[in-house]
Amino acid sequence: MADSKIIAIAGPTGTGKTSLSIALAKELNGEIISADSMQVYKKMDIGTAKVTKEEMEDIPHYLVDIQDYSEPYNVKIFQEKCRQAIDEILAKGKVPILCGGTGLYLKAALYDYVFKDEELDPALLKEIAAMSTEDILARLQIMDPKALEKIHPNNRRRLERALAICSSGENKSSREDEQEHKPIYDVFWIGLNADKKLVDERIDLRVEKMFEDGLVQEVTELFCDPKTWEYSSFQGIGYKEFRDYFENKASLEEVKEKIKIHSRQYAKRQMTWFRHQMPVEWFHLADRDEIVKAAKNWYGQSESKI
């Protein structure tokens with residue numbers, strides 16, 4: 001697999017990754033695999049900024065609209081499905097192009113990540129779920145401090161799981177250290193970036209358009225029942241912020257502002273992740289011709305422009 005050439009497009013939300021992936025697919029005879037943790041869910045179109053049929057321009061896309069929003073989805077499932085898609089695209093003699101902002105998903109699919117199917121004690125999981133986030137952080141600081149270097153303090157689910165693993169006798173970080181963290185494909189990492197002010201402006205405009213396109217109706221139809229608030233799909237930015245609205249604790253304007261703030265914060269975390277976790281070659285979002293030239297040179301084809 002190390003000889004299999006793959007392009008991965010990374011970067012913060014709102015930097016034009018989707019349009020670039022389609023342009024490169026046309027130039028390199030490629031097909032696109034979404035590496036977005038939310039676009040997998042059916043019916044969740046507006047809040048995920050899901051690529052539309054028109055935007056796809058007849059380029060095959062994988063891992064979009066494949067999961068019912070009531071069913072859980074995680075990085076291990078993505079890894080399996082993504083590698084299957086890569087094999088399928090390579091078998092056609094085409095170039096797999098991964099595109100998305102979920103850094104852990106990209107790395108899990110393209111690196112030697114191994115996930116174990118451990119059965120964690122339900123009683124332990126229930127005990128940890130009842131703990132405050134502060135207590136979980138304090139205990140992890142003692143039992144597995146390296147885990148805290150890789151998990152955002154607001155990512156409650158990952159914090160709980162890390163504590164459950166090390167409480168069961170195995171240190172999560174030690175397990176990961178046993179792996180080499182080397183790519184299993186020949187990957188050209190393309191990073192899209194822009195100055196923070198421009199990224200923030202693009203995010204704000206995107207959120208405004210989501211509301212104009214019917215985000216409130218979409219979220220209400222899918223998640224007005226409190227039972228659905230436990231779905232992993234509801235935890236995504238653009239959806240979870242509506243809980244206060246459903247509970248009459250916030251206005252729609254306040255919800256909109258929270259989505260903007262959380263999206264900007266997420267974009268900042270994405271940049272930190274990509275800069276520290278992968279050998280990304282960074283480009284400005286306006287450097288389309290330069291990106292195409294670099295990709296074609298890496299792939300061994302002659303230069304042409306879009």
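For this chain, numbers begin at 1 and follow the sequence in order.
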Smallest separation among heavy atoms of [X] and [Y], with atom names:
X	Y	value
Ile7	Ala295	CD1-CB, 4.3 Å
Pro96	Ile33	CB-CD1, 4.5 Å
Glu71	Ser232	O-OG, 4.0 Å
Gly30	Ile97	CA-CD1, 4.3 Å
Ile22	Glu55	CD1-O, 2.5 Å
Phe78	Leu63	CE1-CD1, 3.4 Å

State, with a plain yes or no, whether a side-chain heavy atom of [X] is found less than 4.5 Å away from one of [Y].
X	Y	result
Leu148	Leu159	yes
Thr228	Tyr239	no
Leu104	Arg158	yes
Asp144	Ile165	no
Asp65	Asp45	yes
Gln270	Trp273	no
Tyr105	Val40	no
Lys43	Glu221	no

Next on the checklist: Please verify the inter-ring angle class for Phe211 with Phe242; under 30° counts as parallel, over 60° as perpendicular, anything in between as tilted.
Outcome noted: parallel
Next on the checklist: Would you call the rings of Trp229 and Phe246 parallel, tilted or perpendicular, taking 30° and 60° as the class edges?
Outcome noted: parallel
Can you tell me if [X] uses its side chain to pair, donor with acceptor, with the backbone of [Y] under 3.5 Å?
X	Y	answer
Glu254	Ser251	yes
Gln39	Thr48	yes
Gln235	Lys240	no
Lys50	Tyr41	yes
Thr102	Ser37	yes
Glu31	Ile89	no
Asp244	Lys249	no
Lys260	Arg206	no
Gln79	Ala108	yes

Item to check | side-chain contact (heavy atoms from CB on, under 4.5 Å) assessment of Leu98 paired with Cys82 | outcome: CA-CA 9 Å; Leu98 273 69; Cys82 182; 3.7 Å; yes
Checklist entry - side-chain contact (heavy atoms from CB on, under 4.5 Å) between Phe188 and Tyr299: does it pass, once the steps are laid out? => result CA-CA 9 Å; Phe188 181 45; Tyr299 196 68; over 6 Å; no
Checklist entry - Any salt bridge between Glu160 and Arg156, counting N to O under 4.0 Å? => result yes
Checklist entry - Are any of the side-chain nitrogens in Lys5 or Asp186 under 4.0 Å away from the carboxylate oxygens of its partner? => result yes
If you measure from [atom1] on [X] to [atom2] on [Y], what distance do you get to the nearest 0.5 Å?
X	Y	atom1	atom2	value
Ile46	Glu212	CD1	CD	11.5 Å
Gln141	Ile136	CD	CD1	14.0 Å
Ile32	Glu57	CD1	CD	9.5 Å

Checklist outcome for this item: Contacts of Arg243 meeting salt bridge (Lys or Arg N to Asp or Glu O under 4.0 Å) (sequence neighbours excluded), chain-then-number -> Glu247
Item to check | Residues forming a side-chain contact (heavy atoms from CB on, under 4.5 Å) with Lys53, sequence neighbours excluded | outcome: Met56
Next on the checklist: Please check if the number of heavy atoms outside Lys92 that lie under 6.0 Å from its NZ is greater than 12.
Outcome noted: yes
Item to check | Step-by-step salt bridge (Lys or Arg N to Asp or Glu O under 4.0 Å) determination, Lys256 to Glu253 | outcome: CA-CA 5 Å; Lys256 183 191 296 184; Glu253 280 301 316; 3.4 Å; yes
Show me the donor-acceptor pairs within less than 3.5 Å that the side chains of residues 276-285 make with the rest of the protein, sequence neighbours left out.
{"from": "His276", "atom 1": "ND1", "to": "Thr272", "atom 2": "O", "distance (Å)": "2.7"}
{"from": "Gln277", "atom 1": "OE1", "to": "Lys107", "atom 2": "NZ", "distance (Å)": "2.6"}
{"from": "His284", "atom 1": "ND1", "to": "Ala286", "atom 2": "N", "distance (Å)": "3.1"}

Item to check | Glu27 and its salt bridge (Lys or Arg N to Asp or Glu O under 4.0 Å) partner, picked from Lys293, Arg288, Lys296 | outcome: Lys296
Next on the checklist: If you apply the rule side-chain contact (heavy atoms from CB on, under 4.5 Å), what do you find for Val199 with Thr13, and how did you get there?
Outcome noted: CA-CA 8 Å; Val199 171; Thr13 184; 5.7 Å; no
